[in-house]
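Okay, so here's the structure we're looking at.
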There are 2 protein chains.
Amino acid sequence: MSQATQNGARDPTLATAVHRRLREDILSGRLPPGLKLKLRDLAESYGAGASPMREALSKLAAEGLAERLEHRGFRVAGAAPAQLDGLIRSRVLAECAALRESIRRGDAAWEDAVVVAEHRLNRLARSVDPQRFATNPEWEAGHLRFHQALLEACGAPQLLAFCDRLREEARRYRALANTAAYPDRDVAAEHAAIARAALDRDAEAAAALLAQHYERTGAFVGADLGRRAGPGETGVAGRRLGG
Amino acid sequence: MSQATQNGARDPTLATAVHRRLREDILSGRLPPGLKLKLRDLAESYGAGASPMREALSKLAAEGLAERLEHRGFRVAGAAPAQLDGLIRSRVLAECAALRESIRRGDAAWEDAVVVAEHRLNRLARSVDPQRFATNPEWEAGHLRFHQALLEACGAPQLLAFCDRLREEARRYRALANTAAYPDRDVAAEHAAIARAALDRDAEAAAALLAQHYERTGAFVGADLGRRAGPGETGVAGRRLGG
DNA sequence: CCTCGGCAGAATTTCGACAAAATCTCCGTC
DNA sequence: GACGGAGATTTTGTCGAAATTCTGCCGAGG
């Protein structure tokens with residue numbers, strides 16, 4: 001009852017609360033790639049001691065969102081275009097494999113879930129403002145659910161968890177590039193095509209469409225990222241904390 | 001100079017040393033699935049304070065080798081036959097996807113690496129004792145290298161890291177089942193067939209052979225595991241630390 | 001002018017003690 | 001005899017300080 005605030009008293013332990021906040025700050029791009037994460041500053045900034053902070057950072061490092069340098073602390077993971085390439089490739093390979101298996105094993109309940117997820121996604125507006133593009137959290141959640149539903153029948157929990165992790169990393173790159181709406185694209189149509197192919201049990205077509213879906217976004221984000229950072233930028237330069 | 005012992009003073013920090021030892025103890029089966037990991041006992045047992053121990057456990061939980069129960073500490077991850085199924089399926093899907101891409105992208109250097117890895121593996125004895133089966137660490141390392149070499153040209157670092165993690169989890173199940181040599185199998189021939197198909201750029205055949213390679217081992221291990229635990233065993237029962 | 005060695009300063013890592021939560025025990029009651 | 005609850009015990013989670021390690025700087029030497 002008293003857990004009313006958005007992220008207030010929901011976390012049972014300080015370490016998990018700090019982990020969640022820190023992760024959100026990295027994923028949203030508020031903490032830029034390569035930033036040195038000084039324990040003291042963080043502890044003060046997030047209002048926690050060194051122990052929970054350290055634990056949160058350690059977990060983040062295991063998730064790939066931070067890097068650990070022994071005896072030299074932590075830093076936010078780099079985000080160079082080359083790394084984005086590897087990420088996209090990992091995503092395409094992992095998700096296509098999961099999708100193929102899902103199509104092979106999926107039953108009627110899986111089909112229903114895919115249909116429902118796509119329907120709900122179509123009911124939501126991509127942007128909260130019809131004039132200027134501004135991401136709609138509900139649409140993002142629906143989008144996530146749709147892609148999860150597609151893979152869910154593959155029967156490989158670890159692989160699904162891995163796909164979730166890669167999805168989050170990809171979200172970070174999107175936030176960093178701050179790419180607005182993509183021109184010349186009809187994402188709803190792409191989703192519809194993927195769903196149709198999956199429900200038709202056409203694994204090859206569905207995988208190809210899904211791969212295209214991710215590679216297109218990756219190309220846009222990569223171009224924007226490269227434009228900002230310039231060629232040769234590693235994304236791990238030693239920037240300092242801004243606030 | 002003083003770093004003579006096998007795993008003695010190599011780790012720069014206590015937390016990483018404890019993490020390594022704890023992980024090895026879980027992977028080798030010395031710490032059985034579902035075991036409650038009490039912080040005090042562990043700290044005493046491994047000769048470290050609570051902070052490094054906690055950090056190691058947190059990392060282990062992120063890797064999937066331990067489970068975290070908020071305010072109730074940690075326990076060794078379960079190892080039920082059903083979980084093994086999911087693991088094998090994840091492995092087959094992930095590694096086959098990586099192998100296909102590796103075959104598609106691999107250059108001459110990749111081919112060389114595969115040939116060399118297979119050759120070296122064949123030069124090593126599977127068992128240190130020709131009479132009674134006892135795993136040869138060198139063969140294990142060579143085996144690991146061979147499978148890594150196969151996938152290495154896929155250009156997806158995250159996916160490769162994921163495959164490494166799944167390989168370790170699989171090793172844990174093998175250790176738990178303590179399966180001796182597999183009857184009616186010629187692993188060297190299986191490896192040779194996989195390598196040949198890969199070098200011939202026959203992605204379908206190579207993936208099929210690799211999948212068979214893992215599924216066979218999985219079936220043996222699963223059978224042994226089921227025989228020990230009995231049907232319905234969850235593998236997360238609350239056992240206590242033995243010493 | 002450039003390089004090397006050592007000396008402060010800062011940061012990370014670890015320790016031991018404290019506070020909060022969960023589990024267990026034991027007793028009274030139905 | 002079984003159930004439920006209050007208190008004691010155990011265990012986890014957190015804090016602040018000490019020890020160890022890294023970083024940057026300054027001066028001596030080539």
Side-chain angles (χ1 to χ4, degrees), chain A residues 1-3 7-23 31 34-62 65-77 236-242, chain B residues 1-3 7-23 31 34-62 66-77 236-243:
Chain A
M1 293 291 181
S2 65
Q3 301 180 7
N7 68 355
R10 187 177 46 197
D11 295 298
T13 189
L14 234 176
T16 59
V18 166
H19 169 70
R20 185 190 309 255
R21 289 181 55 192
L22 204 45
R23 178 163 83 173
L31 297 177
L35 180 73
K36 179 91 171 61
L37 294 167
K38 267 182 273 194
L39 214 47
R40 262 207 71 148
D41 296 353
L42 288 175
E44 186 182 1
S45 177
Y46 289 89
S51 309
M53 200 50 91
R54 191 169 182 65
E55 196 172 321
L57 285 168
S58 186
K59 212 164 166 187
L60 246 31
L65 263 48
E67 293 174 66
R68 158 168 228 168
L69 298 82
E70 304 276 338
H71 284 291
R72 264 176 278 174
F74 299 84
R75 58 173 45 175
V76 178
V236 289
R239 297 189 226 177
R240 296 273 151 181
L241 189 59
Chain B
M1 292 291 183
S2 66
Q3 301 182 10
N7 69 355
R10 187 176 47 196
D11 294 299
T13 189
L14 234 173
T16 59
V18 166
H19 169 70
R20 183 189 310 255
R21 288 181 54 192
L22 204 45
R23 177 163 81 174
L31 298 177
L35 179 73
K36 180 93 171 55
L37 293 168
K38 268 182 273 194
L39 215 46
R40 264 206 75 177
D41 296 353
L42 288 176
E44 187 181 1
S45 176
Y46 289 89
S51 309
M53 200 48 97
R54 194 169 183 65
E55 195 173 321
L57 285 168
S58 186
K59 214 166 166 185
L60 246 32
E67 294 173 66
R68 158 167 228 167
L69 298 82
E70 304 277 340
H71 283 288
R72 265 178 280 175
F74 300 84
R75 58 172 46 175
V76 179
V236 290
R239 298 188 225 174
R240 295 272 151 182
L241 189 58

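A, B, ... follow the sequence lines: proteins, then strands. Residue 1 opens every chain.
- In the set dT14(D), dT13(C), dT14(C), the nucleotide with an atom closest to the side chain of Pro52(A) is dT14(D).
- Backbone-only contact: Leu14(B) has heavy atoms under 4.0 Å from sugar-phosphate atoms and none from a base.
- Rounded to an integer number of Å, the gap from Leu57(A) CG to dT12(C) C1' is 12 Å.
- Not one side-chain nitrogen or oxygen of Arg40(B) sits closer than 4.0 Å to the OP1 or OP2 atom of dT10(D).
- Nearest nucleotide to the side chain of Ala15(B), out of dT14(C), dT14(D), dA11(C): dT14(C).
- The side-chain heavy atoms of Leu31(A) and Leu22(A), taken from C-beta on, include a pair separated by under 4.5 Å.
- Rounded to an integer number of Å, the gap from Arg54(B) CZ to dT11(D) C1' is 11 Å.
- The distance between atom NE2 of His71(A) and atom P of dT20(D), rounded to the nearest whole Å, is 12 Å.
- Distance from the side chain of Arg72(B) is smallest for dA22(C) among the nucleotides dA22(C), dT14(C), dC15(D).
- Taking only side-chain atoms of Thr13(A), from C-beta outward, the nucleotide of dG13(D), dT13(C), dA11(C) with the closest atom is dG13(D).
- We find that CZ of Phe74(A) is positioned 9 Å from C1' of dT12(C), with the value rounded to whole Å.
- Ser51(B) has no side-chain polar atom (N or O) that falls below the 4.0 Å cut-off from OP1 or OP2 of dT13(C).
- In this structure, the side chains of Leu60(B) and Leu37(B) stay at 4.5 Å or more apart for every pair of heavy atoms.
- Taking only side-chain nitrogens and oxygens, Lys36(B) comes nearer than 4.0 Å to OP1 or OP2 of dT12(D).
- Side-chain atoms of Arg23(B) and His19(B), non-hydrogen and from C-beta on, do get closer than 4.5 Å to each other.
- Here the nucleotide nearest the side chain of Leu39(B), chosen from dT12(C), dC15(D), dT12(D), is dT12(D).
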